[in-house]
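The next block holds one structure in the form of structure tokens; read it before the comments.
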Amino acid sequence: MPQSLDDQYSLGDSIVDMGGGDGIDDPVQDNRPRILIMGLRRSGKSSIQKVVFHSMNANDTLFLESTNIIIKEDFQSFIDFHVWDFPGQLDFFDPTFDTNAIFGEYGALIFVIDAQDDYMEALTRLHDTVTRAYRVNPNLFFEVFIHKVDALSDEYKIETQRDIHQRTTDELADFGLEKVSLGFHLTSIYDRSIFEAFSKVIQKLIPQLPTLENLLNILCANSGIEKAFLFDINSKIYIATDSSPVDIQSYEICSEMIDVIFDISEIYSKRTSTRNDSGMSQSIKSAIQPTTDETASDASSLVRLHNDMVLYLKGVNRFLALVCLIPSDNLEKHGLIDYNFQCFKQAITDVFDLKRLSIERRLEEDIDDDDISI
Ligand SMILES: Nc1nc2c(ncn2[C@@H]2O[C@H](COP(=O)(O)OP(=O)(O)OP(=O)(O)O)[C@@H](O)[C@H]2O)c(=O)[nH]1
């Protein structure tokens, strides 16, 4: 049964290493992680980027032109990073490219393989890319997106993943690179799998992940919550979830809720500005505007599902929202759940405030050192 979190959210030594980048509010942010998207031509690299970070409709990607230059984009939200989209035909190991500048930073390399095509050439390129990039930066995370699986049967998807996994790891082992760890994900822009895969990649780049998971576990255990996701509102990427297994249907329904709230917010925000507030009650405005402005932390929405579960959305700050599935019986102690949520929200703020302070302190120390050397 739900119980109070009053004393349980003291951060103590659960704070982990504060390195890496996150938090758009950081005025002193440095070393933002870099996500490199690579793969053969037409494998779907630009489509992935457009669908995940620009909310492009999957069908509209049919009209995307081939990329000829490296496109670097800053993605600014709660998780703040650069995305680099590489043209498929480019040989970035050509001596004219500075491989240190490309692979040398903290981040992840996503290699996209078109699963609807013959993938042997892609595997050769993947092997080449991983071995060379690993030499430049052994700390890169390597992720393989087995992409466009929407046209494959479930059986064939699993078989393809097994085959690609086997061939890649065998080849790396032949080169003495069995230490390189690769993540494999079945993806498509036509369903939520691409968001889920990206979530898992981004989570690897968040140093505070164990702390966030811990906070979510405590919240779930004390509030009768069955599953909780902490979403980045803009990208619909979940940056953390509790440690119970992720069932794809729960993820999809929670992620769709963000979409619905966001869409309604957009429709009514426009109306409010053109109609100059006429015809809309204050209560509706406060519920729907939050995702786009400072008051996001007040956003809240509750949907009763037909299977006796309740889908509950609460804004954490202007970038993050918590979406959870709660058995409707447990919602009787609604007030207590809301109280626990306030404790959770405060703990999240503390985690990232501590990180900001640590960066500020490090910068001050660097400046002092410079003064001495001058
Ligand atoms: N069926 C299916 N088609 C996809 C998917 N993702 C991308 N595509 C299609 O694949 C084609 C190529 O996509 P792009 O994103 O342009 O490929 P790219 O890898 O950026 O290509 P280059 O810029 O030439 O390197 C487009 O017609 C997309 O609509 C997917 O998940 N499923």
Side-chain angles (χ1 to χ4, degrees), residues 34-75 81-94 96-97 99 102-103 107-130 132-133 142-161 163-164 168 182-202 235-237 248 251-252 255-256 259:
R34 184 179 290 182
I35 296 185
L36 311 168
I37 308 183
M38 297 182 164
L40 294 187
R41 289 194 72 175
R42 311 304 286 159
S43 53
K45 302 177 292 299
S46 309
S47 309
I48 292 174
Q49 199 198 351
K50 295 282 179 200
V51 169
V52 176
F53 299 113
H54 297 269
S55 305
M56 182 182 266
N57 187 309
N59 290 323
D60 294 342
T61 62
L62 288 167
F63 310 108
L64 283 178
E65 294 199 353
S66 196
T67 318
N68 295 317
I69 48 166
I70 301 174
I71 297 177
K72 303 179 205 171
E73 269 193 271
D74 272 0
F75 183 70
F81 50 85
H82 307 279
V83 181
W84 292 31
D85 180 6
F86 286 79
Q89 72 276 20
L90 205 73
D91 178 11
F92 35 85
F93 289 106
D94 184 284
T96 49
F97 282 100
T99 46
I102 297 176
F103 300 105
L109 190 160
I110 295 176
F111 194 92
V112 184
I113 296 179
D114 181 347
Q116 292 184 17
D117 205 2
D118 176 12
Y119 50 74
M120 288 308 153
E121 191 191 341
L123 289 188
T124 312
R125 177 76 84 92
L126 168 65
H127 174 77
D128 231 25
T129 309
V130 171
R132 295 195 204 188
F142 295 99
E143 306 291 330
V144 181
F145 282 10
I146 303 166
H147 192 52
K148 306 193 190 178
V149 291
D150 43 276
L152 311 185
S153 68
D154 284 348
E155 221 170 87
Y156 194 67
K157 273 185 212 174
I158 305 295
E159 177 53 29
T160 308
Q161 178 167 8
D163 188 42
I164 291 179
T168 319
L182 285 104
F184 292 86
H185 313 262
L186 291 166
T187 57
S188 164
I189 53 170
Y190 287 97
D191 55 36
R192 299 270 152 182
S193 57
I194 193 62
F195 292 96
E196 213 210 341
F198 241 102
S199 301
K200 291 191 173 145
V201 175
I202 298 292
S235 60
K236 284 164 273 157
I237 283 171
I248 188 75
Y251 165 67
E252 279 177 2
S255 159
E256 275 162 14
D259 258 351

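No experiment lies behind these values; they were computed from the predicted model shown. Counting starts at 1 for both ligands and their atoms, in listed order.
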- Is the closest N or O pair between Thr61 and ligand 1 shorter than 3.5 Å? yes
- Query: Does ligand 1 have an atom under 4.0 Å from some heavy atom of Ala151?
  - Reply: no
- Under 3.5 Å, is there a donor-acceptor pair between the side chain of Arg34 and the main chain of Ile102? yes
- Does the side chain to side chain contact (heavy atoms under 4.5 Å, CB included) test come out yes or no for Phe103 and Arg132, once each step is laid out? CA-CA 9 Å; Phe103 300 105; Arg132 295 195 204 188; over 6 Å; no
- Query: Closest non-hydrogen protein atom to atom 8 (N) of ligand 1, residue and atom name please, with distance?
  - Reply: Lys148 CE, 3.6 Å
- Numbered atoms of ligand 1 (with element) below 4.0 Å of Leu62, judged on heavy atoms: 27 (O), 29 (O)
- atom 25 (O) of ligand 1 [closest protein heavy-atom partner, distance rounded to 0.1 Å]: Lys45 NZ, 2.8 Å
- Message: What protein heavy atom lies closest to atom 31 (O) of ligand 1? Include the residue and the distance to one decimal.
- Response: Ile189 N, 2.9 Å
- Query: Can you check salt bridge (charged side-chain N to carboxylate O under 4.0 Å, His left out) on Lys200 and Glu196, steps first, answer last?
  - Reply: CA-CA 6 Å; Lys200 291 191 173 145; Glu196 213 210 341; 3.3 Å; yes
- Message: Run the ring pair (Phe, Tyr, Trp, His ring centres under 6.0 Å) test on Phe81 and Phe53 for me, step by step, so that the C-alpha distance in whole Å, both residues' side-chain angles and the decisive distance to 0.1 Å come before the verdict.
- Response: CA-CA 11 Å; Phe81 50 85; Phe53 299 113; 5.7 Å; yes
- Item | N or O pair under 3.5 Å between Leu64 and ligand 1 | no
- Ser188 neighbourhood, listing ligand 1 atoms whose heavy-atom distance to it stays under 4.0 Å: 31 (O)
- Can you tell me which residue and heavy atom of the protein come closest to atom 21 (O) of ligand 1, and the distance to 0.1 Å? Arg42 N, 3.0 Å
- Query: If only atom types and distance count, is the side chain of Lys236 paired as donor or acceptor with the main-chain N or O of Ser55 below 3.5 Å?
  - Reply: no
Let me have the donor-acceptor pairs involving side chains of residues 56-66, under 3.5 Å, with sequence neighbours excluded, atom names and distances please.
| from | atom 1 | to | atom 2 | distance (Å) |
| --- | --- | --- | --- | --- |
| Asn57 | OD1 | Asn59 | N | 2.9 |
| Thr61 | OG1 | Ala58 | O | 2.6 |
| Ser66 | OG | Arg41 | NH2 | 2.8 |

All N/O donor-acceptor pairs, side-chain side in residues 150-157, below 3.5 Å, sequence neighbours left out:
| from | atom 1 | to | atom 2 | distance (Å) |
| --- | --- | --- | --- | --- |
| Asp150 | OD1 | Ser188 | OG | 2.7 |
| Ser153 | OG | Tyr156 | N | 3.2 |

- Note on the structure: shortest atom 17 (O) of ligand 1-to-protein heavy-atom contact is with Gly44 N, 3.2 Å
- Side-chain donor/acceptor of Gln116 to backbone N/O of Lys148, under 3.5 Å: yes
- Message: Could you tell me, atom by atom, which parts of ligand 1 come under 4.0 Å of a heavy atom of Asp150?
- Response: 1 (N), 2 (C), 30 (C), 31 (O), 32 (N)
- Message: For atom 6 (N) of ligand 1, what is the closest protein heavy atom, and at what distance to 0.1 Å?
- Response: His147 NE2, 2.9 Å
- Return yes or no for this condition: an N or O of Tyr190 is under 3.5 Å from an N or O of ligand 1. no
- Item | Gln116, portion touching ligand 1 at heavy-atom distance under 4.0 Å | side chain
- Among Ser66, Gly39, Ser47, Ala58, which one has a heavy atom closest to atom 14 (P) of ligand 1? Ser47
- Query: Taking all non-hydrogen atoms of both residues, which atom of Ile146 and which atom of Ala115 are closest, and how far apart?
  - Reply: CG2-CB, 3.8 Å
- For the residue pair Glu73 and His82, confirm or rule out a side-chain donor-acceptor distance under 3.5 Å. no
- Item | Nearest non-hydrogen protein atom, atom 23 (O) of ligand 1 | Thr67 N, 2.6 Å
